[in-house]
Protein chains: 4
Amino acid sequence: MTLPTFDPGFTTARMTDVFSAPRRIATMLGVERALAAAQAAAGLVPEEAAAAIARACESFGDDAEALLVAGWEAGTAVVPLLDGLRAVLGPEDSRWLHFGATTQDIVDTALVLQARDGLDAIAPDLERAASRCWTLATFHRATAAQGRTFLQSALPTTFGHRVAGWWVAVDRAAKRLAAVRATLPLQLGGPVGHLAAIGAAAVPVRAEMARLLGLTAPAVAWHTDRQPVRDVVSALAEAASAAAKIALDVALLAQPEIAEVKVRGGGSSSMPHKANPVDAMRALAAAEACGGVAGIVTRGAPQALERGLGAWHAEAFAVPLVFQTAAAAAEAIERCLEGLEPDPARMAAHVRGTPPADLEAIALEVDRVLGTRR
Amino acid sequence: MTLPTFDPGFTTARMTDVFSAPRRIATMLGVERALAAAQAAAGLVPEEAAAAIARACESFGDDAEALLVAGWEAGTAVVPLLDGLRAVLGPEDSRWLHFGATTQDIVDTALVLQARDGLDAIAPDLERAASRCWTLATFHRATAAQGRTFLQSALPTTFGHRVAGWWVAVDRAAKRLAAVRATLPLQLGGPVGHLAAIGAAAVPVRAEMARLLGLTAPAVAWHTDRQPVRDVVSALAEAASAAAKIALDVALLAQPEIAEVKVRGGGSSSMPHKANPVDAMRALAAAEACGGVAGIVTRGAPQALERGLGAWHAEAFAVPLVFQTAAAAAEAIERCLEGLEPDPARMAAHVRGTPPADLEAIALEVDRVLGTRR
Amino acid sequence: MTLPTFDPGFTTARMTDVFSAPRRIATMLGVERALAAAQAAAGLVPEEAAAAIARACESFGDDAEALLVAGWEAGTAVVPLLDGLRAVLGPEDSRWLHFGATTQDIVDTALVLQARDGLDAIAPDLERAASRCWTLATFHRATAAQGRTFLQSALPTTFGHRVAGWWVAVDRAAKRLAAVRATLPLQLGGPVGHLAAIGAAAVPVRAEMARLLGLTAPAVAWHTDRQPVRDVVSALAEAASAAAKIALDVALLAQPEIAEVKVRGGGSSSMPHKANPVDAMRALAAAEACGGVAGIVTRGAPQALERGLGAWHAEAFAVPLVFQTAAAAAEAIERCLEGLEPDPARMAAHVRGTPPADLEAIALEVDRVLGTRR
Amino acid sequence: MTLPTFDPGFTTARMTDVFSAPRRIATMLGVERALAAAQAAAGLVPEEAAAAIARACESFGDDAEALLVAGWEAGTAVVPLLDGLRAVLGPEDSRWLHFGATTQDIVDTALVLQARDGLDAIAPDLERAASRCWTLATFHRATAAQGRTFLQSALPTTFGHRVAGWWVAVDRAAKRLAAVRATLPLQLGGPVGHLAAIGAAAVPVRAEMARLLGLTAPAVAWHTDRQPVRDVVSALAEAASAAAKIALDVALLAQPEIAEVKVRGGGSSSMPHKANPVDAMRALAAAEACGGVAGIVTRGAPQALERGLGAWHAEAFAVPLVFQTAAAAAEAIERCLEGLEPDPARMAAHVRGTPPADLEAIALEVDRVLGTRR
C-alpha cells in the first residue's frame, strides 16, 4: 500500500517535506528520545537507558510509510513504533522507553513540532508578500485610483491605500503565526492526563522536555482541550484569508475592462490570447480549501472524558492539510504580488466622483498605516 | 411586518435585549452622536451643530423595527435613520450629521458596541461556571474516579482532575473574551476608507470618538479586513466549546449504568421515570448552533476592494446569533454545574486498572492546575 | 421574556409567519389532534376522546411565546403543551392524549408540516425568478455578449446563453423542492422508535395519520436518522446557491466599467451618485447565511442510540433559519431579475476574441437548453 | 518535487489507487481520445486523425506526477498534457486534438470518470456493511435491549430494532450512490459553454462521447453550475454519516459499564488491559474529515460568469478527499460490524422501564423495516 496523495497545487515543496511520512516518524522518535532524556535528568530513568533509547531512535530504520499503515490497524502508529524500538533495545532498557507516557503524548507533541517546522516553512512567503505590499503601497501612496464599494465606483482613493490594507492583513497574520510559534506547548499527561506515574517529578520533567524540544511546558495536559491546535489552525486560516483578499482584488482589477493591473498569465488550452490570473486563482482555491479543512478542527466535536473518540483523530487528517493549503495560498499570493504590474494611467482614467480627492491627504493616511508617520 | 423570531432556547434574556431592534437603533444613534461630538472637539463641526445632533439622537422616536425593515429596502438601515434625523435637524445642522462618514462606519461601530454589551452579558455566566468548576475540582481533588479514554476504562484519576480540566477551558475562554473586549476598535474610514474628507484631523477625531465610546482607535479602517469581527466570534465559539465539553462529560457520567453524577432532570412527555439531562442537552445544542453560525464569519468570503458585497452583510445575521447561542451554552452549562451532584461512592466502585493510582499525587497535580500550588 | 429576533433582511414576510411561535404551537396541536383521530379510526382510542382532544386543540389558548420559553426549561415545549391540554380535558380523555407517542414524534412532525408550508412560501419567488430568466434568455438568445472565464475575456457568447444557465439552476432547484415536498414523512415511533405500544395497529395508524396531515408514512421512525431533514435543507441550500450565482454575475456585469446591465439601485448614505446593487447584495448575504446554518444540519453530529443529545435540538435553531435565509435569497433575486435592464449595445461593444462567434449557433443551443428545440 | 501525502487511515487502498496521479492523467487521456472519436463519428474530425490521437493517448509516457506539478504552473495540467501529445502527433493531427473543447471539459469529465470508479470502489464495503446489519437485525429481532434516549434509559426495545435502523441508513446510502452513479454527466461546452464551434453537431457529439465513456449527456454545460459535483459529494457524506452513527452507537454500547457489545480491540501503548474500539474510532474520524471537506464543495462560493475563479479549482482538492474519507469510514464500519459480538445476557440485565416491552410486537416492526413482512 502506498500513501494517498493529493494535488501539488494545494501545498508547497517545503510543506510537503514537513508533513511527509519520514518526518512524522522521525519527529515521534525525537519525542520519545527527549522524554527519556528529561526523565534521566530528573533521576527517574537510568542515564544508560536514556542513552540506549537515544541510540535506538537515531538508528531506527523501519519504513515510515509501513509504520503509518500498521498504525491504523493498531489504532496508532506509536504502537508499532515502540515495537520496533523494543526489538532493538534489550528488555531492561525497554522498561524505560515511553515511561509514564501515553500514545497521545507522543502524537500530539510530534504534531506540535511539525507545526513549528510548518510555521517556519510558511513564514518566508508571508514575509516576502508583506514586504512586496509595503513597497507597492509606499511607491503608490499618492497614485490616484478609483475606490470601489459593492463593486461600484465610490470615491477616489490611491492605489497605495488599497495595498496598505493588504499589507496590514498579511503583516498581522505573519506576526500572529510568530506569536503562536513562540508558545507551542508539548503534551505530557500520561494515560489519563495527570502524570501521576511520574509523581512529583512531573513538573521538572515537563520543563526539561520542553527545553530539549524548544516548546513550552503547559500547566496541564490538553488531551481533550484542543485550544493549542485550534490556535494554530485559526492563525493559518487568517493567513490564507489575507492571501484570498489580495487575490480577489487583483483578479477584479485585472478584468480587461478595468485593467488597472497586469498579472503573470497562465495559458489556456483553447484561447491563446488569454492570460488567466493563475496565481490569484491558486491563492483563492487554496484559501477555500484551507477554510474547509480548518473547520474540521475549529468546529471539532467536544472530546469525551480523558480522550476523544474520532474528533481527536480527525486532526491527523486536518492539521497537515491546513498547513499545506495555507502555505499554497501564501506562496501563490507572493508570486502574484511579485508579478503584479500596476498601470497608473488606467487607474487615473477611471477616477470619478465628487468631491475630487485630496491625494496628499490620502498619502499621509497611507504613511500612518505603514507606520512611517504618526 | 414583524421581525422574525427564533427559539428562546438559543439565547438568554439578557442577550435578547442586547441584540433587540431598539438597542440596535439606539446604538447607531449613539455612534452618530459621538462622531459629531468628536468632530466638534477637533474644530471640524460647529459646537451648536454637534449639540443639535445630540439632541436629535436623544429624542429620536422612529420605530426601530420599521427602520430595520426599511433599511433592507435601501440596502442599509442607516439611510432611513439619517432621513429621520434630518427631518428634525434644520438643513444647516444636517450638513454636519454623519460628516465624512460612511454607512459602514456606523453599522460596524454599532456592532462593536453591541458586541461589548454582549460580552458583558455573557461574562457572569462564564465566571459562575468557572467558579463552580473551581470549587468542585478543589473539593474532589482526591476523589478517586475511573479515567476513561476512547470511552473505555483506562487508569484511575480523580474527579477533581477531570473538573480541573473543565475549569481551565472555561477560565481561559472568559479571559480571552475579556481580552477581546479590551481591544474592540471603532470603525471610521469614510466612503472608501481613507477618511481624507476629514484630512489631518482624522487622527484626533478617531481618538476622541474612541474615548467617547470606550473603544480603541484602529490605525486603519477595517471595512474589508474583518479580523476584529472574527476575533470576537472565535472567542465566543471557544466559550461555547468549553461548555460543550463539560456537557458531553456530564451526559456520559450521568448514564444510568455509570451514574457517577446526578443532574437536574427535565421531564419526558411519555416516560415519567426519566430525568433527561436537559441542561447538558441545551449546552450541546447551543454550542452546535454557535459553531455553525460562527463559520459564516470565520469562513467568510474575501471582501472585494473597498467594501464587500454580501459577505459583509451576512455578519448582520451571524454575529448576533453567535453571541446568543454562545450565551445560551454558557447559561445552560452554568445551570448544569449548579445542579450537578457527584457520587463519590459510585465513582469508587468503578475504579479499576493497574497500577493503583496514587491519589495524592493526582491531587497535587490538581492543585498545580488550579494555581493553588506551584 | 420576549422571543429573540433577527434582521428582516434574512427572511421574508411569508416565511416569518410560517416559523412564528403561534404557528409552531398550532402545528404541534394539529399533530396531537391527527394522532388521536388516526388512533380512533384504528379503534385504539375512543371516538369521544378523539373528539374531545380535537376540541381542546382547537380552543387551546395558551400563549405561544410563553410555551416556548417554558419548553426550554422542561427540555421541550411539548411538556407544557400537554399540561395545558390536560387541564382542559378530563382525566379520562387525557389518557388518550399523546397516546403511544413521544415528544420527538410531535416536534418532528410539526417541523415537517412547517417545512411544507415553508416550501409553499418559497415556491412562488423561485417560479417567478425562473420565469423571468426564461423570458430574458429567450429574448436575448442571440444578443452578442463577451464570454468571461476566470474574470478574463474568453470568447463571445450571447447574453441569453448566460441567462439560460441561470434558468437551469433555478428551475432545477424549484423542481427539487417540489419533489422533496411530495415525500415529506411524518414521525411516529413512540418513546424508543418501535411503536410497540400501539402494536399491530402501528401500520394503519401511521397511514391514517399521514393521510390526515398530507404527509407520507415512513417505513420506520427516523428519530436519529435525520435524512429527511438533511434533504429539505440541502434542497433549500441549492436554491440559495442558484440565487447567489445570478447575484454574483449581475454584480459583476453591473460594474461601471462593464455596465452591461443596470439594476435597481440602493441608496448610499455618503455618495448620492451611487446605485448599489442591493438586491444582488441581499441575495449573496442571505445565501451565505443559508450555507452556514444549513451546515449545522448537514454536518450534524451522529445522534446517539434512540435519541440524539444536542444535535437533534440544534435543528430547532437551524431549520427555520435555513428556510428563512433561502427565502430571502429567492425573494431578493426575484426582485433583482425584475429590475434588471440589459444593455445590448454595451455588450456588443465589449465583444472581442477570435474566432468570431456564430450567434445563431449559440441561439440554437439556448433553445435546446430551454427545451424549446431538440 | 514529490506529491504530498496524507495519513492512510483516511482512505482505503482501492480509493488511493482511483485518485492516484497516474489514474488522473490516464483518465484525462481517455477523455481526449473519446472526444476525438465522437467527433470522427460525427464527421467533424478525420478518422485518421482520431486514430492517431487514440494511439498517442495510449502510448503517452510522460510522468504523471511531473505533469501535475507542471500543471499548477500553467494553471491546469491539461496544458502540458496537450503539449506532450502534440509533440507526438504531427501538426495536422494536432489540429484535431482537443477540438472545440476547453480545459474544463477535460478536467470535469475526468473527475466524473474517477468519481464513477470511486463509487465502484466504495460500494462493496457499504454492501457488506448493509448485509451485516441485515443479518444482525434479523438474528436479534426479538433480543431484548434497553432503549436509550438522551443517553438515559427510556423503554425496552430489541437489539435488532436498533440495528435495523443502522441498516436503513446504510442501505439507503448505498442506493443513493448507485443512483448518482447512473446519472453522472460528461462535461462538454467548449471555451464559454455553448459549444458553438462544433455547431449543429454538438448534440450527436455529446451523445456519442457519453456513450463511449458510459456517462450521460447533459442538456447544457455545467461549467459554473456544480450541482453534479455537489450531488456526488452529498451522497458520499450521507454514507459517511451512516457509518458514524453506527460507530457512535457501538462505542457507547461497548463502554465497560454497559458492555452490551464487544469489539475488535486496538492496542494501547501504555495500558495493555485496554481494548480500544479502533474501528469505531476510525469511522468517526473519517466521517468527521469527510464532513469538513464535503463542505468545501457544498458551501462553495458561487462561480463567476463562464468559469469560476478559485472555487472551481478547490474541487480538485476536495472531491478526491471526500471520496477517500467516505471510503475509509465505510471500510472501518464494515470491519467494526464484522468483529461485533453482541451480548444478549448483558442487554437483558440492563432492561428496565415500564411498561414491559412486547418483544414480539417489536420484532414484527423489525420485520417490516427490513422488508421481510408488510
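Quantities reported herein were computed from a predicted structural model and do not represent experimental measurements. Labels below follow one simple rule: chain letters A, B, ... track the order of the sequence lines, proteins then strands, and each chain is numbered from 1.
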If one checks every heavy atom of B:A318 against chain C at 4.5 Å, the contacting part turns out to be neither
When the 4.5 angstrom heavy-atom criterion is applied to B:Q324 and chain C, the contacting part is side chain
Parallel, tilted or perpendicular: rings of B:W72 and C:F10 (30°, 60°)
perpendicular
* Look at the rings of C:F6 and B:F317 and say which category their plane angle falls in: under 30° parallel, 30 to 60° tilted, over 60° perpendicular. => perpendicular
Closest non-hydrogen contact found for B:E288 with C:R299 is OE2-O, 4.4 Å
Notebook entry, point to check: So, C:D108 and C:R226, do they make that salt bridge, N to O below 4.0 Å?
Noted result: yes
Among B:E315, B:M15, B:R335, the residue with the most heavy-atom pairs under 4.5 Å to chain C is B:R335
Counting heavy-atom pairs under 4.5 angstrom with chain C, the leader among B:A301, B:G310, B:G300 is B:G310
